[in-house]
Number of protein chains: 2
Amino acid sequence: MPYSAVRYRANLRIMHPVDATDTRILRALAVDPRRTVVALAQELGLSRNTVQARLSRLEQHAFLAFDRRINPASLGYPLLAFITVHVQQRKLGPITEAIAQIPEVLEGHGLTGTADLLLRVVAVDAEDLFRINGKILACDGVERTDTALAMGELVPFRMDPLLERGPRPAG
Amino acid sequence: MPYSAVRYRANLRIMHPVDATDTRILRALAVDPRRTVVALAQELGLSRNTVQARLSRLEQHAFLAFDRRINPASLGYPLLAFITVHVQQRKLGPITEAIAQIPEVLEGHGLTGTADLLLRVVAVDAEDLFRINGKILACDGVERTDTALAMGELVPFRMDPLLERGPRPAG
DNA sequence: GCCGAAACTGAGCAGGATGCCCTATTCGGC
DNA sequence: GCCGAATAGGGCATCCTGCTCAGTTTCGGC
């Protein structure tokens, strides 16, 4: 059974609609760790060709980058924090660029509501987190930050419930 | 070149320290999408055996579940929102369980600070999000929710900067 | 400086998966 | 009822995987 860490830089904008068969494939993948195309085909009662074609499509359009599967804790960053950032809105562009320079910021979202940015940040320890927060505050245009330390993953990441339910009619 | 959607239910608690060589492997994986063990070994100047052994270890200890690579948008959930939840703290357990029943909640973290919970939620559309928010509010013990819609992924998820930097001494 | 454990290398082997081709057939929408 | 897309089925050369074993190197502790 082959190993291969699939990682396609899927563009978030392009969202390829996934049909029922794709969903079955995804579910099968989700249930069991490493599967060969042949095994999948057998299990789903499809021809190997079909599965292979659909997997190619999924890889190109429906899979996110491989990064997401790397556990930051393994890299030595056991602390996870969510930092809310209030900024001068017209400086949002430069601020985003500046924040993107900080390695510990894993992802950042622009938000509606009172806060402007939500950052997912990892850190080596509390002191490290303090330092990172300082770097964010130092960015020109940042007015305030609120740091919330993640104490526990109360609902561990999962996609299964959505897969179980099957694909939505995309609207 | 084989395909295989690697997915090990890595326990978040167990964080296997990743050394420099592991990091090189991860970086190689991150740079290029699908790689065979042979290709990795060649590229890194290691023996196939070594790479294979390290990959097994990484799969078991440093990789998160495969779910994370699935783009919710492809499943028909293009909307992403972060919902902050204030709860009666002593009911946190039951609340967590109740919230975990909601499929659209992809992950939930317990937080320090004013808010108690931060949920990552996907939805089909605004109306759907409203409905989901209602389900959360309906959980016994939930006092208030704040929904922030993610307008854009200003800093797209990435781990590369941390990988570039190499492993931290885990403390 | 020495010892032992852990990691790495190199080799080999059987099984089988991949990637790709082609064609006939089925299915669904128009 | 027709057309196009998706699928099944078969085939083939390549070469990857998983596993084992022994010998060598590296590294850390004493």
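Keep in mind the model is a prediction, meaning the values are calculated, not measured. A note on names: the letters A, B, ... follow the listed sequences, proteins ahead of strands, and every chain is numbered from 1.
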Q: Is there a side-chain contact between Arg35(A) and the phosphate of dA17(C), meaning an N or O under 4.0 Å from OP1 or OP2?
A: no

Q: Do the charged groups of Arg69(B) and Glu59(A) touch, with an N to O distance under 4.0 Å?
A: no

Q: Is Arg35(B) reaching over with its side chain to a backbone N or O of Ala28(B), donor-acceptor style, under 3.5 angstrom?
A: yes

Q: How long is the line joining CG of Leu44(B) and C1' of dA7(C), in whole Å?
A: 16 Å

Q: In this structure, how many angstroms lie between the P atom of dG9(D) and the CD atom of Gln42(A), rounded?
A: 13 Å

Q: Sequence neighbours left out, what passes salt bridge (Lys or Arg N to Asp or Glu O under 4.0 Å) with Glu164(B)? Give chain and number order.
A: Arg27(B)

Q: Arg54(B) has an atom CZ; how far is it from atom P of dA6(C), in whole Å?
A: 15 Å

Q: Salt bridge check: are Arg24(B) and Asp22(B) linked by an N-O gap of less than 4.0 Å?
A: no

Q: In terms of side-chain heavy atoms of Ser47(B), which of dT9(C), dC16(D), dA17(C) is nearest?
A: dT9(C)

Q: Do the side chain of Arg48(A) and the main chain of Gln42(A) share a donor and acceptor less than 3.5 angstrom apart?
A: no

Q: Could you check how far CG of Leu55(B) sits from C1' of dC19(D), rounded to whole Å?
A: 16 Å

Q: Across nucleotides 20-30 of chain C, 5' to 3', mark each nucleotide with B, S or - according to how protein heavy atoms within less than 4.0 Å reach it.
A: BBB--------

Q: Figure out the CD/P separation between Glu43(A) and dA17(C), and round it to whole Å.
A: 14 Å

Q: Specify the separation, in whole Å, of atom CG of Asp19(B) and atom P of dA7(C).
A: 9 Å

Q: According to the salt bridge (charged side-chain N to carboxylate O under 4.0 Å, His left out) rule, which pairs have a member within residues 107-117 of chain A, sequence neighbours left out?
A: Glu107(A)-Arg120(A), Glu107(A)-Arg120(B)

Q: Out of dT9(C), dA17(C), dT7(D), which has the shortest distance to the side chain of Thr50(B)?
A: dT9(C)

